[in-house]
Amino acid sequence: MVAISLPDGSVRQYDGAVTGADVAKDIGPGLFKAALAIKVDGEMKDLYTVLDRDCTLAIVTGKDPEGLELLRHDAAHVMAEAVKELYPETQVTIGPAIENGFYYDFARSTPFTPDDLEKIEARMREIVARDEPIRREVWNRDEAVKFFDSIGEKYKAEIIASIPSNEDISLYRQGEFIDLCRGPHLPSTARLGNAFKLMKVAGAYWRGDSRNEMLQRVYGTAWATEKQLKEYLHMLEEAEKRDHRRIGKEMDLFHIQEEAVGSVFWHHKGWTLYRTLESYIRTRLEKSGYQEVRTPQLVDRSLWEASGHWEKFGENMFTIDTPDERVLAVKPMNCPCHVQIFRHGLKSYRDLPLRMAEFGSCHRYEPSGALHGIMRVRAFTQDDAHIFCTEDQITAETVAFCELLKSVYKDFGFEDVRVKFSDRPAVRAGSDEVWDQAEGALLEAAKAAGLETTLNPGEGAFYGPKLEFTLRDAIGRDWQCGTLQVDFVLPERLDASYIAPDSSRKRPVMLHRAILGSFERFIGILIEHFAGRFPMWLAPLQVVVATITNDADDYAREVKAALDAAGLRADLDLRNEKINLKVREHSLAKVPVILVVGKREGEERTVAVRRLGGQQQEVLALEQAVATLAQEAAPPAA
RNA sequence: GCCCAAGUAGCUCAGGGGUAGAGCAACUGAUUCGUAAUCAGUAGGUCGUAGGUUCAAAUCCUAUCUUGGGCACCA
């Protein structure tokens with residue numbers, strides 16, 4: 001007897017061993033049809049796994065997250081099968097499920113064309129229609145290596161060869177195609193359905209190493225239903241509409257051109273946004289006990305040699321040979337310069353913690369392929385600061401920083417921030433005791449600040465662990481903005497010290513920290529986050545006064561003057577055009593407020609307030625409207 | 001840096017060996033009009049750059065730059 005407990009609490013008894021498929025069929029033909037796999041005692045298994053002892057069982061369908069992942073994984077396998085049928089000389093490598101879809105890396109001398117993608121996709125649908133059973137086989141490792149070698153799949157053979165030789169491995173066979181895979185898989189190719197689409201081809205290095213050969217990666221998306229697929233494609237279209245590069249152009253915020261690759265030309269509107277952001281964060285820093293400084297752009301190589309940047313970061317630095325035969329570097333970071341200010345004059349423990357902030361303009365020679373709009377550039381400005389403190393102060397300073405960061409993000413409407421904790425890398429400076437303390441303090445402080453962190457093992461800086469705060473852009477890409485790094489190394493290398501209570505000289509600890517990250521990236525994220533419809537306080541142009549007829553011109557000028565006097569960023573539209581056109585144009589330009597004035601408003605000294613996206617207007621007395629708008633336009637920190 | 005794709009009017013895009021096209025924007029004129037497109041007319045381009053093939057190149061070839069999507073990178 002085999003007793004199988006189902007998620008609803010019921011138990012089914014069977015005389016002997018059954019498969020998951022039998023149980024599903026037993027429960028109902030609808031469920032059997034939808035069944036993709038099973039979960040036995042919490043573990044994902046093939047639908048046709050034999051159940052010969054008591055267990056808990058859940059039938060997994062496309063509605064379950066695990067089922068969807070399975071579906072995507074199978075889509076990758078079906079794609080590989082299609083490719084092998086169409087282009088037998090191609091070697092297969094790996095093909096996992098990823099967020100929203102899947103990919104498969106192929107090795108072949110000629111790259112796939114967009115045309116090939118269509119053919120592959122069509123063949124995939126044929127394979128689905130063929131309804132090929134997908135079955136698991138267990139092989140001996142060495143035989144599997146031999147087998148894949150014999151059919152010319154040297155990448156597969158290499159993967160299997162890296163598995164310990166005493167382990168058996170599982171292969172999955174569907175039609176003529178056989179692939180190494182841990183599984184589980186769908187029972188047959190028909191279960192994949194047709195809610196998938198191949199998206200793009202891209203190069204990808206074998207085993208993710210740029211020293212290896214480049215493979216052809218084909219990306220696809222796959223869903224449980226056609227409706228979900230459609231929704232996803234629609235979401236991508238919407239995301240494209242809020243791409244910061246598109247909106248930056250539409251709203252006349254900035255541009256980038258060939259002669260200054262990786263650097264932003266800020267137009268007046270974009271620069272207004274930039275200045276608003278800068279002034280906001282400056283106020284926040286001042287209120288949090290930071291001192292703002294300004295350090296040089298060009299610094300002699302000797303300082304970078306002393307700090308270690310010349311050796312560790314040299315490839316990313318712009319350098320200049322001067323007529324007097326010196327070599328200067330355009331600063332890629334502010335930290336060494338900040339240490340110079342710290343070193344200037346004797347510091348006492350009473351001066352600590354010393355929080356030194358700079359809106360430091362930095363240049364880094366980023367690889368050409370890394371550049372991306374204004375999100376990843378070669379010239380950028382950080383809201384950078386270094387906190388010089390004692391080891392005892394690390395926790396308190398970290399908590400205070402996290403609080404400040406959360407509060408700043410909240411002011412922009414970012415509530416769900418991903419935080420990664422990067423711990424000690426293999427190559428590092430400092431003793432294990434120091435690392436224990438630094439990591440412990442950082443983790444404890446993150447917890448105290450109410451942050452949930454995911455571990456990013458071995459990704460810390462060579463001088464200390466770090467917290468990375470990431471925000472997600474319109475199309476799901478994560479961008480690191482804020483950071484906090486604990487550094488015991490630079491104070492040592494650049495000989496920073498303070499006088500302790502016992503009048504001995506001690507090394508301070510440096511906390512490198514940024515909230516926005518870079519203004520360029522953060523503004524890019526803001527543009528996408530708000531789709532260009534900025535809240536009043538950030539909007540480059542806050543109010544447009546639009547007239548209905550020229551009779552209202554004089555009054556409109558008065559209204560504009562009142563707005564100017566209240567410190568609002570306002571424009572005047574006196575053109576001889578219909579109000580419909582004016583409303584349309586300023587709405588498309590995403591101006592938060594349009595004040596419509598006609599003859600009536602002039603006589604009554606009122607304005608008709610029309611808010612972006614709103615259908616109705618509100619008629620207010622001029623003074624009242626200006627006061628209300630001025631209040632709305634105040635930055636959160638003021 | 002590597003793989004693929006794309007660069008045509010201010011913007012969005014069509015054209016694919018035989019004198020360069022559309023819509024919107026711009027400009028000119030008319031229209032003075034109550035909340036997302038008033039009408040008419042005019043002007044606008046070394047087809048990314050440099051070579052080559054050809055009687056003839058935006059179109060084919062080569063190189064190069066830039067952009068986009070990935071990969072690698074991101075102290």
Side-chain angles (χ1 to χ4, degrees), chain A residues 103 105 110-114 116-117 199-219 240 243 245-246 249-250 252 255-262 307-309 311-317 332-333 335 364-373 375-378 422 425 427-428 459-464 466 468 475 477 479-480 483 485 487 489-490 512 517-518 521 546-553 574-589 594-601 608-617 619:
Chain A
Y103 69 78
D105 285 346
T110 47
F112 292 112
T113 64
D116 294 336
L117 283 203
M199 303 297 280
K200 57 201 171 196
V201 224
Y205 297 108
W206 167 236
R207 301 210 148 167
D209 190 329
S210 61
R211 286 167 302 191
N212 291 342
E213 60 270 53
M214 182 152 282
L215 308 172
Q216 303 297 319
R217 176 173 296 179
V218 180
Y219 282 93
E240 211 176 298
D243 187 304
R245 291 162 298 197
R246 173 200 277 256
K249 195 185 279 182
E250 284 171 358
D252 194 21
H255 84 268
I256 294 177
Q257 70 186 47
E258 280 191 39
E259 290 81 355
V261 172
S307 70
H309 286 82
E311 188 201 346
K312 305 262 182 202
F313 203 70
E315 284 190 355
N316 290 297
M317 286 162 69
M333 296 184 209
C335 24
R364 296 179 192 174
Y365 188 81
E366 300 286 352
S368 57
L371 301 176
H372 177 84
M375 303 279 228
R376 187 90 183 263
V377 285
R378 287 177 175 160
S422 302
V427 182
R428 58 181 183 266
E459 292 296 313
F462 71 91
Y463 50 72
K466 59 184 183 181
E468 291 180 347
I475 38 183
R477 280 180 288 219
W479 295 97
Q480 187 196 315
T483 183
Q485 305 165 11
D487 179 6
V489 173
L490 264 189
H512 304 238
S518 85
R521 173 174 300 174
T547 52
I548 291 172
T549 72
N550 289 141
D551 295 340
D553 285 3
L574 300 180
R575 291 174 303 165
N576 174 19
E577 294 289 354
K578 287 190 172 181
I579 193 63
N580 293 294
L581 183 87
K582 295 188 183 184
V583 166
R584 177 180 158 80
E585 285 189 352
H586 300 305
S587 298
L588 288 174
I594 302 173
L595 296 185
V596 176
V597 297
K599 212 171 157 193
R600 203 155 67 220
E601 284 76 11
V609 183
R610 188 190 210 281
R611 286 168 192 282
L612 183 56
Q615 294 302 315
Q616 286 195 322
Q617 56 272 4
V619 178

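Below, read A as the first sequence line, B as the second, and so on, with proteins coming before strands; counting in each chain starts at 1. Computation of the quantities below employed the complete heavy-atom set of this structure, encompassing side-chain atoms and omitting hydrogens, waters and symmetry-equivalent molecules.
Rounded to whole Å, the distance from CD on A:E250 to C1' on B:C24 is 13 Å. What separates CD of A:Q617 from C1' of B:A36 is a distance of 12 Å, to the nearest Å. Computed from coordinates, the A:R611 CZ to B:U35 P distance equals 19 Å when rounded to whole Å. Distance CG (A:D105) to C1' (B:A72): 13 Å, rounded to an integer number of Å. When rounded to the nearest whole Å, the span between CG of A:D553 and P of B:G34 equals 15 Å. Rounded to an integer number of Å, the gap from A:E315 CD to B:C73 P is 13 Å. Atom CD in A:Q257 sits roughly 15 Å away from atom P in B:U49 (whole-Å rounding).
The listed nucleotides are B:A36, B:C73, B:G34; the one nearest the side chain of A:S587 is B:A36. Listed nucleotides: B:U32, B:A36, B:U35. Nearest to the side chain of A:T549: B:U32. Checking B:U35, B:G70, B:U32 against every side-chain atom of A:V596, the shortest atom distance belongs to B:U35. Side-chain proximity of A:I548 to B:A36, B:C33, B:C71: nearest is B:C33. For A:S368, counting side-chain heavy atoms from C-beta on, the closest listed nucleotide (B:G69, B:G1, B:C73) is B:G1.
In this structure, A:R378 has no salt bridge (charged side-chain N to carboxylate O under 4.0 Å, His left out) partners at least two apart in sequence or on a different chain. Taking A:H512 as the reference, A:H386, A:Y463 meet the ring pair (Phe, Tyr, Trp, His ring centres under 6.0 Å) condition, with sequence neighbours excluded. Residues that satisfy the side-chain contact (heavy atoms from CB on, under 4.5 Å) test with A:E459, not counting sequence neighbours, are A:S422, A:N456.
Look at A:D209 and A:R207 and you find no salt bridge, because none of the NZ, NE, NH1 or NH2 atoms lies under 4.0 Å from a carboxylate O.
At a cut-off of 3.5 angstrom, counting only N and O atoms as typed in the model, there is a donor on one side and an acceptor on the other between the side-chain of A:R376 and the base of B:C73. With hydrogens and angles left out, the side chain of A:Y205 and the base of B:G1 share a donor-acceptor pair within 3.5 Å.
Residue A:G208 is classed as a sugar-phosphate contact, given heavy-atom separations below 4.0 Å to backbone atoms only. When heavy atoms are screened at a 4.0 angstrom cut-off, A:L588 is found touching base atoms of the nucleic acid.
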Can you give one letter per nucleotide of nucleotides 3-16 of chain B, going 5' to 3': B for a protein heavy atom under 4.0 Å from the base, S for sugar-phosphate only, - for none? BS------SS----

Determine, for nucleotides 37-43 of chain B in 5'-to-3' order, which nucleotides have protein heavy atoms under 4.0 Å from the base (write B), from only the sugar-phosphate (write S), or from neither (write -). BB-----

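Comparing A:E366 and A:V597 against RNA chain B, the residue whose closest nucleotide sits nearer the 5' end is A:V597. Each of A:L371 and A:R575 was assigned the nucleotide of RNA chain B with the nearest heavy atom; the assignment lying further toward the 5' end belongs to A:R575.
At the phosphate of B:G69, OP1 or OP2 sits under 4.0 Å from a side-chain N or O atom of A:H372.
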With Watson-Crick and G-U wobble geometry limited to distances under 3.5 Å, how should the secondary structure of RNA chain B be encoded in dot-bracket form, using | for bases paired to another strand and [ ] for crossing pairs? ((((((((.[[[[.)..(..]]]].(((((.......))))).....[[[[[..)....]]]]])))))))....

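Residues A:S307 and A:K312 have side chains that never bring a donor and an acceptor to within less than 3.5 angstrom of each other.
A gap of 13 Å separates the C1' atoms of B:C60 and B:A56, to the nearest Å.
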